[in-house]
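Whatever order the structure lists ligands and atoms in, that order sets their numbers, starting from 1. Any value given below was found using the heavy atoms of this structure, including those in side chains, with hydrogens, waters and symmetry copies removed.
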Amino acid sequence: MNLILFGAPGAGKGTQSSLLIERMGMTQISTGDLFRAAIKNKTDLGRKAQEFMDRGELVPDLIVIGMVEEVLNKGVKDFILDGFPRTVAQAEALDELLKKMNLSIGKAVFLEVPMSELMDRLTGRRVCRSCGAVYHVKSKPPKKDGICDLCGGEVYQRQDDKAEVIETRLKNYEEFTSPLKAFYKKAGKYVEVDGNRSTEDVFSDIRQIIA
Ligand code: AP5
C-alpha cells in the first residue's frame with residue numbers, strides 16, 4: 001500500500017518512516033531529505049530550496065511537485081510520502097500525478113502530537129550528517145556524543161531546528177498543512193494516530209492500518 005504520513009514538524013514522520021522501511025520494506029519519499037541532499041550536493045534545486053528552508057518557510061509548490069514527479073517516475077512502489085503534500089495545492093497536484101501514473105494512495109495517516117511536545121522534540125533533535133539517522137538529546141542520544149551509532153558520521157543540529165526558525169515552521173504548518181486533514185477526510189483516506197506515545201506504540205498502530 002502507498003501511504004501519506006503527515007503531521008506537524010517533529011510529529012515523528014521520519015522516525016516512523018525509518019521503521020516502515022526497516023520492518024515492512026517500504027520506500028520513503030521525504031521531500032525534506034531530498035532537499036537536504038540537493039543542498040549537500042550544491043545543485044540548482046538545493047540552492048533554490050535552501051533560502052526557504054533556512055527561514056522555516058515552505059519551498060514553492062511548483063518546485064516541490066516537480067521534484068516528487070521525478071521520483072515517482074522512477075517507478076517506486078509501496079512508498080511512504082513523508083512531508084509531502086504539505087499544502088492543498090500540492091495534494092491536488094499529487095492526485096493528478098497519481099491518476100496519470102495509474103497509482104493510488106491507500107491511507108493518509110496523520111500523527112497527532114500536541115504543540116507543547118513538538119518544541120521539545122525539535123530543539124532536542126540531532127541528525128547524522130552522513131546517513132540521516134535521527135537522535136534526541138534526552139530521549140535517544142547517540143552512545144558517543146556527536147557520533148552516529150550506525151555509521152560513525154557526525155551528529156549535528158539542523159539549522160531549521162533552532163527555536164526561532166521552529167516557530168515559523170509551526171506557524172506555516174497551522175496555516176498551510178493542517179487543512180490537509182479536511183482534504184483527506186473528504187477523500188475518505190484520513191486516519192489519525194496518537195503520536196504522543198512511545199515510538200513502538202505509534203508504529204504498532206500504523207502497521208495495523210496498512211495490514
Ligand atoms: P522536513 O524535513 O520534512 O521537516 P518537517 O516536516 O518539519 O518534519 P521534521 O523532519 O522536522 O519532523 P518529523 O515529523 O520527521 O520528526 P522526527 O521523526 O524527525 O522539511 C524541512 C523543510 O523542507 C520544510 O520546513 C520546508 O522548508 C521544506 N519542505 C519539505 N517538504 C516540503 C513540501 N512538501 N513543501 C514545501 N516545502 C517543503 O522526530 C523529531 C524528534 O522527535 C526526533 O528527535 C525523534 O527522535 C523524536 N521522536 C520521534 N518520535 C517520537 C516519539 N514517539 N516519542 C518521543 N520522541 C520522538
*Asks:* When you check the gap from the basic side-chain N to the acidic O, do Glu164 and Arg55 get nearer than 4.0 Å?
*Replies:*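 No salt bridge links Glu164 with Arg55.
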
*Asks:* Is the closest heavy-atom distance from Arg158 to ligand 1 below 4.0 Å?
*Replies:*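 A heavy atom of Arg158 does come that close to ligand 1.
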
*Asks:* Answer yes or no: is there an ion pair linking Lys138 with Asp120, defined by an N-O contact shorter than 4.0 Å?
*Replies:*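 Yes, charged N to carboxylate O under 4.0 Å.
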
*Asks:* Nearest non-hydrogen contact with atom 56 (N) of ligand 1 belongs to which option: Arg121, Glu51, Arg126?
*Replies:*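 Nearest heavy atom to atom 56 (N) of ligand 1 lies in Arg121.
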
*Asks:* Using a strict cut-off of 4.0 Å, indicate which atoms of ligand 1 neighbour a heavy atom of Gly14.
*Replies:*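 It comes down to these atoms of ligand 1: 13 (P), 15 (O), 18 (O).
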
*Asks:* Measure across Pro141 and Tyr135 and return the closest heavy-atom pair with its distance rounded to 0.1 Å.
*Replies:*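 Heavy atoms only, the tightest pair is C-CD2, 4.1 Å.
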
*Asks:* Is it the case that ligand 1 has an N or O less than 3.5 angstrom from some N or O of Gly83?
*Replies:*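 Min N/O separation from ligand 1 is below 3.5 Å for Gly83.
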
*Asks:* When you measure from the heavy atoms of Tyr135 to every atom of ligand 1, does any distance fall below 4.0 Å?
*Replies:*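 Yes.
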
*Asks:* For ligand 1, is there an N or O atom under 3.5 Å from any N or O atom of Asp160?
*Replies:*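 Min N/O separation from ligand 1 is not below 3.5 Å for Asp160.
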
*Asks:* Taking only heavy atoms of Glu57 into account, list the atoms of ligand 1 that are under 4.0 Å away from them.
*Replies:*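 Atoms satisfying the 4.0 Å criterion: 26 (C), 27 (O).
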
*Asks:* What I want to know is whether Val59 and ligand 1 share at least one N or O pair that is separated by under 3.5 angstrom.
*Replies:*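 Yes, Val59 has an N/O under 3.5 Å of an N/O on ligand 1.
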
*Asks:* Please check if the side chain of Lys107 supplies one atom and the backbone of Leu5 the other of a donor-acceptor pair under 3.5 Å.
*Replies:*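 No, the answer is negative, given that no donor and acceptor are paired below the 3.5 Å cut-off.
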
*Asks:* Hey, are Glu57 and Arg86 close enough for a salt bridge, meaning a charged N less than 4.0 Å from a carboxylate O?
*Replies:*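 Answer for the salt bridge query: no.
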
*Asks:* Return the option from Lys13, Arg36, Arg86 holding the heavy atom at the smallest distance from atom 3 (O) of ligand 1.
*Replies:*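 Looking at heavy atoms only, the winner is Arg86.
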
*Asks:* Is Arg129 close enough and on-axis enough to Tyr156, meaning under 6.0 Å and within 45°, for cation-pi?
*Replies:*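 Here Arg129 passes the 6.0 Å and 45° test against Tyr156.
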
*Asks:* Tell me, which protein residue and heavy-atom name are nearest atom 18 (O) of ligand 1, and how many Å apart are they?
*Replies:*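 Checked against all protein heavy atoms, atom 18 (O) of ligand 1 sits closest to Thr15 OG1, 2.6 Å.
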
*Asks:* Return yes or no for this condition: an N or O of Ser198 is under 3.5 Å from an N or O of ligand 1.
*Replies:*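 There is no such contact.
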
*Asks:* What protein heavy atom lies closest to atom 9 (P) of ligand 1? Include the residue and the distance to one decimal.
*Replies:*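 For this ligand atom, the closest protein heavy atom is Arg125 NH1, 3.2 Å.
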
*Asks:* Which one of Gly7, Ser30, Gly12 has a non-hydrogen atom at the shortest distance from atom 16 (O) of ligand 1?
*Replies:*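 Selected option, by shortest heavy-atom distance: Gly12.
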
*Asks:* Just go through Met53, Arg169, Lys138, Gln90 and tell me whose heavy atom is the nearest to atom 35 (N) of ligand 1.
*Replies:*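 When every heavy atom of Met53, Arg169, Lys138, Gln90 is considered, Gln90 comes closest to atom 35 (N) of ligand 1.
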
*Asks:* Would you say Asn196's side chain and Val113's backbone share a donor-acceptor pair under 3.5 angstrom?
*Replies:*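 Checked: no pair found.
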
*Asks:* What do you reckon, is CG of Asp145 surrounded by more than 12 foreign heavy atoms closer than 6.0 Å?
*Replies:*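 Open.
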
*Asks:* Heavy atom of Leu122 under 4.0 Å from ligand 1?
*Replies:*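 Per 4.0 Å heavy-atom rule, Leu122 contacts ligand 1.
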
*Asks:* Does ligand 1 have an atom that lies less than 4.0 angstrom from a heavy atom of Arg197?
*Replies:*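 Contact check Arg197 vs ligand 1: positive.
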
*Asks:* For atom 46 (O) of ligand 1, tell me which residue out of Thr31, Val134, Val68 has the closest non-hydrogen atom.
*Replies:*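 Nearest option to atom 46 (O) of ligand 1, by heavy atoms: Val134.
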
*Asks:* Gly10 near ligand 1, heavy-atom distance under 4.0 Å?
*Replies:*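 So Gly10 counts as touching ligand 1.
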
*Asks:* Any nitrogen or oxygen of Ala11 lying under 3.5 Å from a nitrogen or oxygen in ligand 1? Just yes or no.
*Replies:*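 Yes - when backbone and side-chain N and O of Ala11 are compared with those of ligand 1, one distance drops under 3.5 Å.
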
*Asks:* Could you check whether any side-chain N or O of Asp82 sits under 3.5 Å from a backbone N or O of Ile29, counting only pairs where one atom can act as donor and the other as acceptor?
*Replies:*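 Not at all, since once roles are kept as given, no pair shorter than 3.5 Å links the two residues.
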
*Asks:* Can you list the atoms of ligand 1 that are under 4.0 Å from a heavy atom of Val64?
*Replies:*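 Within the 4.0 Å cut-off of Val64, ligand 1 contributes 33 (C), 34 (N), 35 (N), 36 (C).
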
*Asks:* Distance from Leu97 atom CG to Asn73 atom CG, nearest 0.5 Å?
*Replies:*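 Answer rounded to 0.5 Å: 8.0 Å.
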
*Asks:* Hey, are Arg197 and Asp205 close enough for a salt bridge, meaning a charged N less than 4.0 Å from a carboxylate O?
*Replies:*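 Salt bridge: yes.
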
*Asks:* Ion pair present between Lys171 and Glu167, side-chain N to carboxylate O less than 4.0 angstrom?
*Replies:*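 No.
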
*Asks:* Determine whether the side chains of Asp61 and Gln90 contain a donor N or O and an acceptor N or O closer than 3.5 Å.
*Replies:*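 Gln90 and Asp61 do have a side-chain donor-acceptor pair below 3.5 Å.
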
*Asks:* So Phe6 and Tyr190, would you call those rings parallel, tilted or perpendicular, with 30° and 60° as cut-offs?
*Replies:*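 It falls in the perpendicular class, over 60°.
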
*Asks:* Geometry only, no angles: is Gln16 polar-contacting ligand 1 at N/O separations under 3.5 Å?
*Replies:*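 Among all N and O atoms of Gln16, none is under 3.5 Å from an N or O of ligand 1.
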
*Asks:* Which of the numbered atoms in ligand 1 are under 4.0 angstrom from any heavy atom belonging to His136?
*Replies:*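 Going through ligand 1 atom by atom, the ones under 4.0 Å from His136 are 44 (O), 46 (O).
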
*Asks:* List ligand 1 atoms under 4.0 Å from Thr199, heavy atoms only on the residue side.
*Replies:*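 Numbered from 1, ligand 1 contributes 51 (C), 52 (C), 53 (N).
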
